[in-house]
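Counting from 1, the numbers follow the sequence of the chain as shown. Every number for a ligand or one of its atoms is a count from 1 in the order of the listing.
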Amino acid sequence: MQDTLSSPILAGQTAVVTGGASGIGKSIVQRFLEAGANCLAADLNEEALAALKEEFAAYGDKLDIARVDVSDRDAVEGMVDRAVDMFGQMDIIVNNAGIMDNLLPIAEMDDDVWERLMKVNLNSVMYGTRKAVRYFLDRGEGGVIINTASLSGLCAGRGGCAYTASKFAVVGLTKNVAFMYADTGIRCNAICPGNTQTNIGVGMRQPSERGMAKATTGYAGATRSGTPEEISAAALFLASDQAGFINGETLTIDGGWSAY
Ligand SMILES: NC(=O)c1ccc[n+]([C@@H]2O[C@H](COP(=O)([O-])OP(=O)(O)OC[C@H]3O[C@@H](n4cnc5c(N)ncnc54)[C@H](O)[C@@H]3O)[C@@H](O)[C@H]2O)c1
């Protein structure tokens, strides 16, 4: 099938993508590069970043990579500064990095897991969004923020309680930012993927028995899992001027699973 999205609709723009070395983030980086943007891919995984740089070597200096732990405020702020230093501007930030919580329901939740989830899945989005909004306001030309939430940011029964709470909070933060700054040319939207084929489950050991049974209750209604490319296509659309009047939206991408 002809990929009509791959025209240079982001030519001259610069994007920062967290969790950019794997899965959905990697596919967003690829889409943005294909669309003509400069891209800073930030990730915790240095090996995966190096592999990314090699795989996309054809883009040369248009792709920068940086090891960033998104739970570290200074590192996230430094990431934006780095993109601006390197490319002269930042137009788009995708706060995408995230982790899962072994599907733990609350009786099985310990404080360490909860705090780690909130730092990586929620605080990171606040740090990246705040830094981007301050930068966009300073520059006075608006800008685009895309936050990767999840179906678990809209439906309560498909993940562990920390993951679900973190993603509901990402949706609330996204809508609040969208409304507060709608008059400045800043657009802030969230993508809400359903089950997608990535590496996110790779580190999941011993998921909760109760959590697994409950979270998969409605899975018979899912036709299939999605591909990272099906998610990144939505991110590219939201990043582009084609989505110029879309602000504060949550875009569900789940093949109809949650429509039941
Ligand atoms: N895969 C799914 O089914 C699914 C569904 C809904 C939402 N999501 C969301 O999509 C986003 C991307 O996940 P994915 O499925 O592509 O998973 P993935 O594991 O393939 O990619 C996530 C990337 O984030 C990086 N990362 C993790 N912690 C980090 C940190 N502290 N600092 C910087 N980078 C970090 C990882 O190294 C990895 O490269 C996440 O926010 C996830 O919650 C995924």
Legend entry - Protein heavy-atom partner closest to atom 3 (O) of ligand 1 - residue, atom, separation in Å: Thr196 N, 2.8 Å
Legend entry - Identity of the nearest option to atom 22 (C) of ligand 1, non-hydrogen atoms only, from Ser71, Gly25, Gly98: Gly98
Legend entry - Residue-ligand contact Lys167/ligand 1, heavy atom below 4.0 Å: yes
Legend entry - Asn96, portion touching ligand 1 at heavy-atom distance under 4.0 Å: both
Inset, instruction - Compute the minimum heavy-atom distance from Ser152 to ligand 1 and say whether it is under 4.0 Å. - result: no
Inset, instruction - Answer yes if the side chains of Asp91 and Gln89 hold a donor-acceptor pair under 3.5 Å, and no otherwise. - result: yes
Legend entry - Ala149 touching ligand 1 at heavy-atom level, < 4.0 angstrom: yes
Legend entry - N-O pairing of Asp64 and Arg82 below 4.0 Å: yes
Legend entry - Close approach of Thr18 to ligand 1, heavy atoms, under 4.0 angstrom: no
Inset, instruction - With heavy atoms of Asn195 as the reference, note each atom of ligand 1 found under 4.0 Å away. - result: 3 (O)
Inset, instruction - Scan side-chain atoms only and decide if Thr18 and Asn96 contain a donor-acceptor pair under the 3.5 Å cut-off. - result: no
Inset, instruction - Identify which of Leu44, Val202, Ile200 has a heavy atom lying nearest to atom 17 (O) of ligand 1. - result: Ile200
Legend entry - Ligand-residue contact atoms, ligand 1 with Tyr163, heavy atoms, under 4.0 Å: 6 (C), 7 (C), 8 (N), 9 (C), 42 (C), 43 (O)
Inset, instruction - Check each atom of ligand 1 against the heavy atoms of Ile24 and keep those under 4.0 Å away; list them by number with element. - result: 10 (O), 16 (O), 44 (C)
Legend entry - Shortest protein contact, atom 31 (N) of ligand 1 (heavy atom only): Asp69 OD1, 3.0 Å
Legend entry - atom 24 (O) of ligand 1: nearest protein contact (heavy atom, Å): Gly19 CA, 3.4 Å
Legend entry - Residue pairs involving residues 214-233 (criterion ring-ring contact (aromatic ring centres under 6.0 Å, His included); sequence neighbours excluded): Tyr219-Trp257
Legend entry - Between Glu230 and Thr227, a side-chain donor and acceptor under 3.5 Å: yes
Inset, instruction - Report yes or no: does Lys175 contribute a side-chain atom to a donor-acceptor pair with the main-chain N or O of Ala190 at less than 3.5 Å? - result: no
Legend entry - Main-chain N/O of Leu238 paired with Arg187 side-chain donor or acceptor, under 3.5 Å: yes
Legend entry - From Asp254, Val68, Leu52 - option closest to atom 33 (C) of ligand 1 by heavy atom: Val68
